Protein chains: 2
Amino acid sequence: MSKGEETKAAILDEAAELASLVGLGGLTIGTLAAATKLSKSGLYAHFASKEALQVQVLEHARGRFTDVVMRPTLAAPRGEPRLREFFDRWLTWQSEAFDGGCIFVVAASEFDDQEGPVRDELLRAERDKLESVTLIVGTAISEGHFRPDVDAEQVAYELEGILLAHHHARRLMRDAGAEARARRAFERLVADCRPVALTG
Amino acid sequence: MSKGEETKAAILDEAAELASLVGLGGLTIGTLAAATKLSKSGLYAHFASKEALQVQVLEHARGRFTDVVMRPTLAAPRGEPRLREFFDRWLTWQSEAFDGGCIFVVAASEFDDQEGPVRDELLRAERDKLESVTLIVGTAISEGHFRPDVDAEQVAYELEGILLAHHHARRLMRDAGAEARARRAFERLVADCRPVALTG
DNA sequence: GAGCAATCCGAACGTTCGTGCTTTTATTGA
DNA sequence: TCAATAAAAGCACGAACGTTCGGATTGCTC
C-alpha cells in the first residue's frame, strides 16, 4: 500500500469515527484535518469534494461491516445458527465498531430526505444488508428450522427494528440492559418462526 | 396571544419542519430566517442562543406529540384497545407530522453522544414516552388482555423497535409496504402477549 | 543518488456561520 | 391619538466553512 493510500485509509477511519459522533453531515474538513494531524488542504487533496468524502466514508465503513459481520457470518452453518451468528455480530458491531453510534444509523436519518450520492450509497448498503438477511432467513426455512410460511422479508424488517431499538436504548437512553432486551426480542422472533411443536 | 408569541410559534413550527429534513444540527439561522421571511437578527431576537432554539424546537414538537398522539390515546378504553390506538396514532405521526422524518428520531441519533441541554431535552421526551407506553401495557395486563407475566418494559422496547424500523423503511428505503409490515409486527407482538388459548 | 511524481503544506478566496449592537417600524394600552 | 413598549431590521464582527493553487517536501524508481 502506497503512502497516499495509507493516509487516505487513516483519514477514512478517523472520519467514520468522527461522523459516528457528530453525524455525517456534521463532519467538517477542519476538525477532520485536526484529528488526522493533516492540514486542511493536505487532507482535501485526497478527495474531489466533501460529498465525495462522505460517500467514501460510507463505502469504507461498509467494507468493515463486510469484514467483521458478513463474512464470518457466512462461515456459520446454514439456517438458524447462521442467523444467530449474524445477529450476534451485528449487535457487537453496533456497540463496538465506533465510539459513537453506528454510522449507518446516524446517516440514515440525516440523509433520508437529501437526494444525492450520499443517500444513494446509503441505500445501496441497506439494500445489500437487507438482501443478505432475507437470504439467511430463507436458508433457515429451506433447512426446516423455520416454518415454510415464514415471510423472510418480514423477519428481516423486524430484525432491523430490534437492532434500531437496541441502538436507541443503548446510545441515547444509555440503558445498560439494552443488549439483554435485544436478545429477548430476537428469541421471541425466532421462536415465532419455528415449526409448531407436536403436542403429546 | 401577542404578536411576538405568534411569530415565535411560527418560527418553531417551521424550524421543526426544516430540522426533520436536514437534522436538528443541520438547522441554521440563515435558512430558517429565509423560510420564515424574517431577517437573521429579527429571528434571533426571539432566542438566547442557537442551542436554546434547538431545545425549544424539541419542546414545541413534544407539545404537538402530546396533542395529536398522547391525549387522544388516553381517551380510548383501557387495555389493549388503548395500546392499539396509541400505535395507530404513533404510526400516523411518523408519516405525517413532518415533511421529513420524525424529528425525534433524527435528533436522537445526532445528539446521542453530544452532552448538553439538547440531549437532556431529548432524553426527557423519550423517557416520558417510554413511561407512558409501559403504563398502557400495564393496564392491558391488569385488564386481563395480556398475560400477567408480560414484561411491560420489554413490550415498550419492542414497540419502539417496530416504529424505528417503520421510519427506516419508509423514509430511507421508501418502501411502500412499510406500514403494513409495521402492523404485522405489531400484531405478532400483541398476539404473544395474550393469554394462551385453552385447547379443546 | 538523480530525477520525477506523489504527497502535503501555507495562504487565501468568497460564503456562511452564530451572535452582538443600534436603529427603525409595529403594536399596544391609556 | 399618542406615548410607551415590543418586534423586526440593518449592519457588522470574528470565526469557520468548503475549495483552489503554487510551492515545498517527501517517497519511489532507475
Side-chain angles (χ1 to χ4, degrees), chain A residues 1-19 21-60 106-107 110-111 114-119 121, chain B residues 1-19 21-60 106-107 110-111 114-119 121:
Chain A
M1 190 153 60
S2 78
K3 181 82 196 307
E5 288 167 337
E6 232 169 70
T7 49
K8 183 162 180 176
I11 291 172
L12 291 176
D13 269 332
E14 187 61 45
E17 213 66 53
L18 258 164
L21 290 167
V22 299
L24 197 59
L27 193 64
T28 70
I29 309 283
T31 58
L32 184 54
T36 52
K37 297 186 207 304
L38 283 177
S39 69
K40 278 208 304 175
S41 53
L43 183 148
Y44 198 77
H46 290 271
F47 306 93
S49 68
K50 189 190 175 183
E51 200 176 47
L53 163 65
Q54 292 174 320
V55 171
Q56 290 183 46
V57 169
L58 287 179
E59 288 172 346
H60 191 71
V106 187
E110 264 187 291
F111 285 87
Q114 295 176 243
E115 236 63 41
V118 177
R119 200 194 118 88
E121 170 61 27
Chain B
M1 188 153 63
S2 77
K3 179 81 197 306
E5 287 167 335
E6 231 169 71
T7 50
K8 183 162 179 176
I11 291 172
L12 291 176
D13 269 332
E14 187 61 44
E17 213 65 54
L18 257 163
L21 289 168
V22 299
L24 197 59
L27 193 64
T28 71
I29 310 283
T31 57
L32 184 54
T36 53
K37 297 186 207 303
L38 283 177
S39 69
K40 277 208 308 175
S41 54
L43 181 149
Y44 197 75
H46 289 270
F47 307 93
S49 68
K50 188 190 175 181
E51 199 176 48
L53 164 65
Q54 291 173 321
V55 171
Q56 290 183 47
V57 169
L58 287 179
E59 287 172 347
H60 191 72
V106 185
E110 263 187 293
F111 284 87
Q114 294 175 244
E115 236 63 41
V118 177
R119 201 194 117 88
E121 170 60 27

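Each chain gets a letter, A, B and so on, in the order the sequences are listed, and its residues count up from 1. Note that the structure is a prediction, hence the values are computed from the model and not measured.
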Exercise. If you look at every strand shown and take non-hydrogen atoms under 4.0 Å, does A:Leu43 touch a base, only sugar-phosphate, or nothing?
Worked result: nothing
Exercise. Could you state the CD-C1' distance from A:Glu6 to C:dC8, rounded to the nearest angstrom?
Worked result: 15 Å
Exercise. Tell me: NZ of A:Lys50 to P of C:dT16, nearest whole Å?
Worked result: 15 Å
Exercise. Rounded to the Å, how far apart are B:Tyr44 OH and C:dT16 C1'?
Worked result: 15 Å
For this session: Round to a whole Å and report the spacing from NE2 of A:His46 to P of C:dC9.
Result: 8 Å
Problem set entry | CG-CZ distance between B:Leu24 and B:Phe111, expressed to the nearest 0.5 angstrom | 4.5 Å
Exercise. OP1 or OP2 of C:dC17 sitting under 4.0 Å from any side-chain N/O of B:Lys40?
Worked result: no
For this session: Measure from the side-chain N and O atoms of B:Lys50 to the backbone N and O of B:Leu27, and report whether any donor-acceptor pair falls under 3.5 Å.
Result: yes
For this session: Enter the distance from A:Glu51:CD to A:Gln114:CD here, rounded to the nearest 0.5 Å.
Result: 10.0 Å
Exercise. Can you tell me how far CD1 of B:Ile29 sits from CD1 of B:Ile11, rounded to the nearest 0.5 angstrom?
Worked result: 9.5 Å
Exercise. Counting any heavy atom closer than 4.0 Å, what does B:Leu27 reach on the DNA or RNA strands: base, sugar-phosphate only, or nothing?
Worked result: sugar-phosphate
Problem set entry | DNA chain D: 5'-most and 3'-most nucleotides touching chain B, 4.0 angstrom heavy-atom criterion | D:dA7 to D:dC11
For this session: Write down the distance between CE (B:Met1) and P (C:dT28), rounded to a whole number of angstrom.
Result: 12 Å
Problem set entry | Separation between CG of B:Asp13 and CG of B:Leu18, rounded to the nearest 0.5 Å | 11.5 Å
Problem set entry | Distance below 4.0 Å between A:Ser2 side-chain N/O and C:dT7 OP1 or OP2 | yes
Exercise. When the distance from CD1 of A:Ile29 to C1' of C:dT16 is rounded to whole Å, what number comes out?
Worked result: 16 Å
For this session: First locate atom CD of B:Glu5, then atom NZ of B:Lys8, and finally report the distance between them rounded to the nearest 0.5 Å.
Result: 8.5 Å
Exercise. How would you label the contact of B:Thr28 with the nucleic acid (heavy atoms, under 4.0 Å): base, sugar-phosphate, or nothing?
Worked result: sugar-phosphate
For this session: Would you mind reading off the distance between B:Lys3 atom NZ and C:dG29 atom P, rounded to a whole angstrom?
Result: 14 Å
Exercise. Of B:Lys37 and A:Gly30, whose closest DNA chain D nucleotide lies nearer the 5' terminus?
Worked result: B:Lys37
Exercise. NZ of A:Lys37 to CG of A:Leu43: how many Å apart, nearest 0.5 Å?
Worked result: 13.5 Å
